[in-house]
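Let me begin by presenting the structure, written as structure tokens, before commenting on it.
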Amino acid sequence: MILDTGSSLSWLQCQPCAVYCHAQADPLYDPSVSKTYKKLSCASVECSRLKAATLNDPLCETDSNACLYTASYGDTSFSIGYLSQDLLTLTSSQTLPQFTYGCGQDNQGLFGRAAGIIGLARDKLSMLAQLSTKYGHAFSYCLPTANSGSSGGGFLSIGSISPTSYKFTPMLTDSKNPSLYFLRLTAITVSGRPLDLAAAMYRVPTLIDSGTVITRLPMSMYAALRQAFVKIMSTKYAKAPAYSILDTCFKGSLKSISAVPEIKMIFQGGADLTLRAPSILIEADKGITCLAFAGSSGTNQIAIIGNRQQQTYNIAYDVSTSRIGFAPGSCH
């Protein structure tokens with residue numbers, strides 16, 4: 001499953017895949033052999049909550065009165081299927097009866113070989129909200145680097161967090177997207193030097209999203225970061241042509257480009273993400289390595305902190321106290 005802090009409804013591909021299922025790493029879930037499975041009706045309270053959870057109206061299957069969900073994502077991927085309930089087993093001793101999720105019958109887009117999505121945003125239908133009465137309204141995770149394989153020590157932890165090792169920043173709510181996790185970015189430094197930007201330029205809505213790969217910054221902020229980064233990098237490495245949305249590229253593999261200036265993203269209250277080469281660069285093609293940041297498209301004045309920049313940090317989302325915490329070096 002894909003862990004997504006940028007959406008609330010959890011869903012997975014389901015037999016009989018009435019329209020389409022992509023190839024997935026694990027066997028397909030077959031609700032017909034589950035004694036605890038049930039489809040939810042159009043009159044159910046959960047069905048009425050779908051609009052808030054997915055921003056799409058539910059549909060109703062006429063002959064069966066079953067509630068149909070549509071989950072759609074920023075990259076045009078989507079899943080459509082039956083809103084359902086079943087027993088959720090987290091560990092052999094930790095279970096949640098009547099967990100509400102989507103049983104996907106038409107799943108299309110960029111899901112890789114994952115069976116579906118675990119929604120960890122703040123809406124009532126998210127997995128987090130459903131587990132919160134039992135474990136506390138909080139979770140944390142550490143995303144390992146892409147090349148560490150299963151030895152990276154990445155994890156997802158659900159439930160109350162012990163605050164000792166984190167530096168915290170306030171969790172903010174955006175009225176347009178109340179279920180998402182916003183925070184305030186106050187500065188970006190490159191090799192210890194702040195970007196040449198007025199403080200007011202940082203006052204844009206900033207979202208932290210495990211389901212976005214590359215950090216997006218408003219154009220003015222991105223241009224300042226690019227300028228400071230290229231100034232240092234161009235003395236050591238040859239520039240390469242742009243690659244898709246990545247416009248700051250250099251000749252060389254990720255391994256060969258070792259002298260990379262540290263980038264620090266600093267948040268309200270002093271919490272920060274201190275980034276080194278694996279979280280700053282991405283190998284776009286053989287022998288071409290690019291800055292893993294991009295400018296937000298068009299008039300979209302929003303910053304999104306993507307998963308490349310979150311790697312190796314233990315990131316805690318304490319919804320009960322409205323704060324987000326960062327602790328470095330928690331996986332590799």
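What you see below is based on every heavy atom in this structure, not just the backbone, and it leaves out hydrogens, waters and symmetry mates.
- Within 6.0 Å of CD on Q227 lie no more than 12 heavy atoms contributed by other residues, nucleotides or ligands.
- Put simply, the side chain of L254 does not reach to within 4.5 Å of the side chain of N147, judged on heavy atoms.
- For the 3.5 Å distance criterion, the side chains of Y141 and Q310 qualify, holding a donor opposite an acceptor.
- Pairs passing the ring-ring contact (aromatic ring centres under 6.0 Å, His included) check and including a residue from residues 210-246, sequence neighbours excluded, do not occur.
- The environment of NZ in K251 is sparse: at most 12 heavy-atom neighbours from other residues, nucleotides or ligands sit within 6.0 Å.
- Side chains of N307 and S210: a donor-acceptor N/O pair is absent below 3.5 angstrom, by distance only.
- Using a 4.5 Å cut-off on side-chain heavy atoms (C-beta onward), D4 and Y73 make contact.
- Contact annotation: the side chain of F267 approaches that of I305 to within less than 4.5 Å [non-hydrogen atoms, C-beta and beyond].
- Residues passing the salt bridge (charged side-chain N to carboxylate O under 4.0 Å, His left out) test with R308: none are found, sequence neighbours excluded.
- Annotation: disulfide bond (SG atoms under 2.5 Å apart) contacts involving residues 295-332, sequence neighbours excluded, comprise C142-C331.
- Remark: K134 NZ is packed, more than 12 non-hydrogen atoms of other residues, nucleotides or ligands lying under 6.0 Å away.
- A side-chain N or O of Y69 and one of S79 form a donor-acceptor pair less than 3.5 Å apart.
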